[in-house]
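The analysis underlying the following values was restricted to heavy atoms, covering all of them including side chains, and did not include hydrogens, waters or symmetry mates. Note on naming: letters A, B, ... go to the chains in the order of the sequence lines (proteins, then strands), and numbering restarts at 1 for each one.
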Amino acid sequence: MSFVLEGLEPDPIARGSEVPGELLAGLNPPQREAVLYRGQALLIVAGAGSGKTSVLTRRIAGLIATREAYPSQLLAITFTNKAANEMRERVRALVGGAIEGMWISTFHSACVRILRRQAEAFGLSPSFTIYDTADSRALLKRLIKELDADILGFTVGSAAARISKLKNELTDAEAFARNANFDDPKEAAFVEIFRRYQTSLARAKAMDFDDLIAQTVYLFRAFPEVAALYQRRFRHVLVDEYQDTNHAQYALIRELVRGVKPQHVPADTRIRTNADGGISPASLTVVGDSDQSIYAFRGADIRNIVEFERDFPDARVVLLEQNYRSSQNILDAANAVIANNFDRVAKNLFTATGAGEPIVGYTGYSAHDEAQFVADEVDALHGARGGGGKLSYDDIAVFVRTNSQTRPLEEIFIRSGIPYRIPGGTKFYERAEIKDAMAYLIQVVNPADDLSLRRVLNTPRRGIGPATEAALQAHADRMGMPLREALREAAQLNLGAKVTAAILQLSQLLDDAAEMSLGMDTQGVLHPGPPFDVLKLLMDRTGYVAALRATGDAQDEARAENVEELLAQTREFRRQNEAAGLLDFLTNVALLAAADEIEDEDGSVSIMTLHTAKGLEYDTVFLTGVEEGLLPHQMSAGEPGGVQEERRLFYVGVTRAKRRLYISLAMTRSQFGDTSVALPSRYLQEIPEGLIDWRQSPGGANSHGGTRPRALNARGGGARERFSYAGSLPASPQPPREKREWANSVTGKVRDNGDLTLDVGDRIRHSDFGDGRVAGVSGQGAKTIAEVMFDTAGRKKLLVKIAPIEKL
DNA sequence: TGGGTTTTAGTTTTT
DNA sequence: CTAAAACCCA
């Protein structure tokens, strides 16, 4: 290889002339600058839909094409694996295949890679396992119970949240203990929980999600020569979605783009050194949009992006404001809403594509009604009836605020025969049977992980009950060995002959599986065995799947099929990653993100949370549950900046839509089994008059004030639908109270029945369902619910106050 | 030890 | 209301 080595060093002056023209084709001036700028630090403030992925990929392609950097000198951090794969393909298409050695991955994947590679340097097992949230919680549960900390008010959730938060701030157990107030019994107990949690992880050779980042930072700080390895290698670091980085991630980036001291530069380096023999810092490019920061709950610190220029005084800032995704109507709505967030740098998205179709609004009686509307519209758009529109299902997405909202949507979609997917919602890997199978695999790779062994000890049933487990655990503790070792010595424990045999059999099986996973010794080289073979061996010899099949239970049959599906996935994984072993498979699964499950062109509608939707785009978007208490969510009311964060969430949702946006809500929502009245979200009011075409408006006759209802969102001047509040919303955070009513919608479907009372046995008439008989009444006052057996429509639950019914 | 029943707790968002 | 967890009995 005879590269021109001088060319590898970044030149602080833009080298526009050298970047191939085709990489700049079709870019607007700021985009062009973002591709061409060369310097230590660059912040690209990329509004929604402003073509940032395009800019980022061309910037990378430019660096490679001009020989400013080898692909292996580039590190690009994305938010999801899906985004990483997409970027990899797009860069490959631009530079013609030569991107081997380039790292494009998520923060977590990159850290795992570094940690596994450097594990031995600081006494860590390279085959450490990654605990997901459920694993962490299971461990914490044991610890809290052990310490009787529950009486102090500790819950698994609160402890987990607190530990996660501390780790994201790079505060480890010891650092926390140093400043803890031990006079407070609760705080003292927490210190103990945190410490034990961490030692348990270490003993199990496991890390939780937050550790992956934090430990990498600690590694770099403790071993400058290890850090230097990566500082020398990565000459260009690019970070996407920078507004959602937390402190630990920020610190990691800072470590990576630090210059290398002369003593850490090998004599034969091919990188140009400074006068003192050191190497200057890598160049850093970050892309983000503070208006789309929606992960504060995960420790994301908006200051990372807002104060970027303070961190890097020489930084260039490029603003991308032209939107290439959405119609002007959609952008107007988005701009208007986000403008209500104070404390933000003004930014106004614009487009050249024209107004487009109006936003469609709909208000259902209930979540089911709302879901039915969505289903009907999807059906119509797909052209099942009209034939005019030929929108593919995968061009449509339905967004929800909370996971529980997917349920009614799912029910209606099934009934309507609309194919759908819920990325991240299926929780395939959280199913008990999958966790069982995975626990076997983890135990094969990491025998120190007692948690996984305990899980499979008696699954399927092999007669190892709590008593036997305790005996094994006691032996393990006594000998200071992992549970896995204790299994081998089961014969010493004077257990029953049957039980002992079962234990030894399991032990032998795990040994055999471990041998297989390491691979056959062909010509002295170890090739990791295919994960499929290992899992198949385990499932066959344990009889796990067979046991499920044998029960004859339909649910167990479904579980057996899930395990088969997992087997298929291991096979598929090996197909796509040829030399990949079991550890790679497990890592891959652990770091899977919800959005990674989205397949393009799979012919189904995607239903997902607003958080999952970040970074995606769809021709048609349904934004559902736009109600007070849901968006903004009740839980956010207490948090500082909560309502603003929720507004950004709303903004993210709106700006995902390319051509059509539907906004819907329900007048009542059920949770915990009872139904309550819901009010339209305050964010709806922030959308300018005329942008929304209400098919069914959130009525609201103004019977209390003297103010005439404003035709806020009536289209074409005709006040067909009206949407107003009695007076203006209070400036205070509280939503309007019971004075507001759902009444007198022009369609006549939404009404106020006053204090109509119904009793069991009454005959009533419903405008949609026809005649029926009241079968039961529950609830009080405005929330009175009647259960009605309709003569033709079957059994329905109705909110008496607003249902379109009359007593006969 | 296993199965069945009662009880209780939980609902924000996620790598 | 639902799902998981605790509890109880055979």
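A:Arg415 has no carboxylate O lying under 4.0 Å from a charged side-chain N of A:Glu410, or vice versa, which leaves the two without a salt bridge. Under a 4.0 Å N-O distance rule, the pair A:Arg298/A:Asp244 does not qualify as a salt bridge.
By the 5.5 Å and 30° criteria, A:Phe297 is not stacked with the base of B:dT12.
Judged by atom type and distance alone, A:His633 does not reach the base of B:dT12 through any side-chain donor-acceptor pair under 3.5 Å.
Ring-centre distance between A:Phe399 and A:His611: not below the 6.0 Å cut-off.
A:Thr133 comes within 4.0 angstrom of a nucleotide base, judged by non-hydrogen atoms across all strands. Within 4.0 Å (heavy atoms only), A:Gly463 reaches sugar-phosphate atoms of the nucleic acid but no base atom. Residue contacts shown for A:Gln249 are absent, as no nucleic acid heavy atom lies under 4.0 Å away.
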Under 3.5 Å between N/O atoms: give me all the protein pairs with nucleotides 3-6 of chain C, atom names plus distance.
| residue | atom | partner | partner atom | Å |
| --- | --- | --- | --- | --- |
| C:dA3 | OP1 | A:Arg407 | NH2 | 3.1 |

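Side chain to side chain, A:Asn246 and A:Asp301 fail the donor-acceptor criterion of an N or O pair below 3.5 Å. Side chain to side chain, A:Ser664 and A:Glu370 meet the donor-acceptor criterion of an N or O pair below 3.5 Å.
B:dT11 atom P lies 16 Å from atom CD of A:Gln634, rounded to whole Å. Per the geometry, CZ belonging to A:Arg113 stands 20 Å off P belonging to B:dT15, to the nearest Å. Between the C1' atom of B:dT13 and the CD atom of A:Glu639 lies a distance of 11 Å, rounded to the nearest Å.
Ring orientation note: the planes of A:Tyr683 and A:Phe650 are tilted relative to one another, at an angle of 30° to 60°. Taking the six-membered ring for Trp and thresholds of 30 and 60 degrees, A:Tyr420 and A:Phe413 have ring planes more than 60 degrees apart, a perpendicular arrangement.
Distance check, rounded to the nearest 0.5 Å: CG of A:Asn446 to OG of A:Ser127 gives 5.5 Å.
Paired runs in DNA chain B that reach 3 or more consecutive Watson-Crick or G-U pairs, where each pair keeps both distances under 3.5 Å, cover B:1-10 with C:1-10.
Here the separation of C:dA6 from B:dT11, taken at their P atoms, is 15 Å to the nearest Å.
Closest approach to the A:Arg401 side chain among B:dG3, B:dT12, B:dT14 is made by B:dT12 (side chain taken as heavy atoms from C-beta onward).
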